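Just the heavy atoms: all of them, side chains too, but no hydrogens, waters or symmetry mates, feed the values below. Values in this document were obtained by computation on a predicted structure and should not be read as measured data.
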Amino acid sequence: MAFLRKKQREQQLQLYSKERFSLLLLNLEEYYFEQHTAHHIQHKGSQNERRIRGSLKICSKSVIFEPDAISQPIIKIPLRDCIKIGKHGENGANRHFAKAKSGEISLIFSQVYFIKEHNIVAPYKIERGTMEYAFELDVSGKVEDVVETLLQLHRASCLDKLGDQTAMITAILQSRLARTSFDKNRFQSVSERLHMECKAEMVTPLVTNPGHVCITDTNLYFQPLNGYPKPVVQITLHDVRRIYKRRHGLMPLGLEVFCTEDDLCSDIYLKFYDPQDRDDLYFYIATYLEHHVAERTAESYTLQWQRGHLSNYQYLLHLNNLADRSCNDLSQYPVFPWVISDYCSSELDLSNPGTFRDLSKPVGALNTERLERLLTRYQEMLEPKFMYGSHYSSPGYVLFYLVRIAPEYMLCLQNGRFDNADRMFNSIAETWKNCLDGATDFKELIPEFYGDDVSFLVNTLKLDLGKRQGGQMVDDVELPPWARSPEDFLQKSKDALESSYVSEHLHEWIDLIFGYKQKGREAVRAHNVFHPLTYEGGVDLNSIEDPDEKVAMLIQILEFGQTPKQLFVTPHPQRITPKFKSLSQTSCYNASVADSPGEESFEDLTEESKTLAWSNIAKLQLQEQCKIHKEAVTGIAVSCNGSSVFTTSQDSTLKMFSKESKMLQRSISFSNMALSSCLLLPGDATVISSSWDNNVYFYSIAFGRRQDTLMGHDDAVSKICWHDNRLYSASWDSTVKVWSGVPAEMTGTKRHQFDMLAELEHDVSVDTISLNAASTLLVSGTKEGAVNIWDLTTATALHQIQCHSGPVCDAAFSPDSRHVLSTGEDGHVNVIDVQTGMLISSMTSDEPQRCFIWDGNTVLSGSQSGELLVWDLLGGKISERIQGHKGAVTCIWMNEQCSSIITGGEDRQIMFWKLQY
């Protein structure tokens, strides 16, 4: 749970500093400058005079005194409420602005806050009326500078315009930063070499802390200007695993650094004053990291999620991270969906679709009657139009949910007050009902609802959160009847998030929040239009010249909430929900295999058993090998009963080999040019071969002769496919052609009329093609590294993806047609989403993978060196290397039952493999 981890980290820093003080005691957009050991002198000069020792802290909009004794409250005096600042005891209209020369500072003011008395977190106590406090500094020589600073900050706080206040305070801050630099004595080693130093702010929820960033050849440092919460924050570059550029306050100024692979909570979040400083630091760290992978895209996680390697929860965390959502920025806190709509039943039925919320609609569109009222207002509204007056994620909503574990954040956001007791997070059911019916409540959830820590649901701190109208005190969150405990509620919420229904529909919610329905026409159609200021690029702050307007606009944006960065511009792919659970390898199953002789026992294998076979693909055993060609083998086709194997070769021959007798039965030559591929038509009566002589040859097995020739290309034919009386031929003449009139059985001596139905034009030579299972789609790979996906029903290109730096060796659809895998001479193994054309996975080997077969999750490829490699796509690794040919593996065939494999290679061998498990 991101926020809890962040809070635990801050508590550790509090232990380091041994202070009750926190930057959360400051106002929003306020800075903490310096502190001085001092005494607060009460009732000076009287018999009741009392000296309270503590720390006087000078902030940009207030003076804060923290007594050492926790029984005493922290005192906060807003500078705008100060009437006089100067030396204690001075009188006269102008004298109070004179520089003090003693160790005492006098503040006369009209309002003061008392905070954390006895170290209890509670709403601030406010005392109004003219008062005078005296503070005596331990170092009297600093009084003059402190008073000068207070007078300067007081002038800034009293300016009429907010923009002028901000400008003056910013100038004071920058002056202080310019007069200081990073203390090089803080380096971990004297041998460290400085690379760059710049000014920046460390960002934590609701506050920023200015200071100096320094990066050396081994460490990243941040030194706060005020030394709080510790003198320096140090991160070893070797530990860094991920870095992300962030937009902060709508500007490209943020950088977040993670020392973990998948934790949402970062190790440091920095905001720079100059985008170039941010970019320079990012580049240096990215260049340094041995383990650094270029900033990962949303698409790179999609394959893992679709195939079940990432849970719905994990995938949403990754998308939030990539969309600039951070637990350090409450205006961009990670957003999660409501998925359950039943908070009344005594039992939660996750098999009933009615239990779930409609994920294709935003919260504001779930109630039809309310939506109609909103749409009526929308139609009558002048530009810029919006449907919802509040957002689904904002700092207020985040702290609404988290007030029981983060009360100080709520007090910071709401000027020292908790919300009205009846508006607090009192009940899950009430909150959901208000999101359905409320006129201005459209909020979604946060990750904590699907985590493991129940703290945000339980008033463990025994906070006094007020009394409701009915007389009951606000305490623990009221749970639905189906939840026996907070732990049970979270567990059932997690079960719901990972349920089949949500898995099948989560992509619809992703389209709304992160995808193509976030903006534009599709957002209007989906009733998903929020205020323009919430969108990235909705306003250009740099174009606003009026400082007042600029500051007001920024505050409005940050408090209102921000829409995530758009990650997808096309419909998001649906998750693949398996119809069958994976079988474990049981003794009963092994016995049944052992009792069933021969390959025929595999013919009735279920999908579960095919999955089992692929999970054991690394257990291939070489059965036999034969050398029947004089050059590299280029194609393999096998008869239905598995007895006859047909192969083509660069030696220009088609050969027929008997697997049973292990004898070469026929050798056919059509020309003196190499043959590039072959296939066997259904019925096992005809073999088709493609040739470098630009022709396709039809050979009748029954008659033992060439039956026909298709002369359809102007250059070598590189690959052929066949389905339903149609032949598909790829050629170096830059075309793929579709031919009709190719019957499964070509009997007799009659020559056939081949009609070209379609010509799929490419810019360069086509080296490989493949059909999907239904033969509605075709993928082609070109000489220059492009993978093209074609819709055969319209003969149009759906996508062209330039994903290889050299020729494409092989390409094929997954069995479910959702993905295409391609290999190239550049050594890359790429996975492309068919629906969107996105490159969603890319792995690299140290040599080309010339051919492959795959089941969507696992790949068996033939490499340039002759090895067979087993690739775990979801794990992103090569899981097994199997010794095979003595030259490149050039072609590979697998039977339908996934039990037998044949490979051909440049060593002129064909090898027969059997799956043993």
Classify the ring geometry of F568 against H572: parallel below 30°, tilted from 30° to 60°, perpendicular beyond 60°.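 Answer is perpendicular, since the angle exceeds 60°.
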Partner set under salt bridge (Lys or Arg N to Asp or Glu O under 4.0 Å) for [X], not counting sequence neighbours:
| X | result |
| --- | --- |
| R881 | E867 |
| R850 | E906 |
| K877 | none |
| E624 | K662 |

Which residues share a side-chain hydrogen bond (donor to acceptor under 3.5 Å, both in side chains) with [X], sequence neighbours left out:
| X | answer |
| --- | --- |
| D816 | R307, S814 |
| T858 | none |
| S677 | S690 |
| K494 | D452 |

For Y450 and N312, run side-chain contact (heavy atoms from CB on, under 4.5 Å): C-alpha distance rounded to whole Å, both residues' side-chain angles, the deciding distance at 0.1 Å, then the answer. CA-CA 10 Å; Y450 304 103; N312 292 336; over 6 Å; no
Please identify each residue that fulfils side chain to side chain contact (heavy atoms under 4.5 Å, CB included) with A812, with sequence neighbours left out.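 A812: side chain to side chain contact (heavy atoms under 4.5 Å, CB included) contacts with S770, F852, W854.
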With sequence neighbours left out, what residues match Q909 under side chain to side chain contact (heavy atoms under 4.5 Å, CB included)? Q625, K627, H885, D907
Distance, nearest 0.5 Å, that separates CG of L869 from CD of Q849: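 That separation rounds to 4.5 Å.
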Within 6.0 angstrom of [X] [atom1], more than 12 heavy atoms from elsewhere:
| X | atom1 | answer |
| --- | --- | --- |
| E896 | CD | no |
| D763 | CG | no |
| M663 | CE | no |

For residues 764-814, which residue pairs pass the ring-ring contact (aromatic ring centres under 6.0 Å, His included) check, not counting sequence neighbours?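 Pairs touching residues 764-814 that pass the test: H762-W790.
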Among all residues two or more places apart in sequence or in another chain, which pass the ring pair (Phe, Tyr, Trp, His ring centres under 6.0 Å) test with W732? W692
Looking at E847 and S865, would you say the former's side chain and the latter's main chain have a donor-acceptor pair under 3.5 Å?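 Looks like yes, one N/O pair under 3.5 Å.
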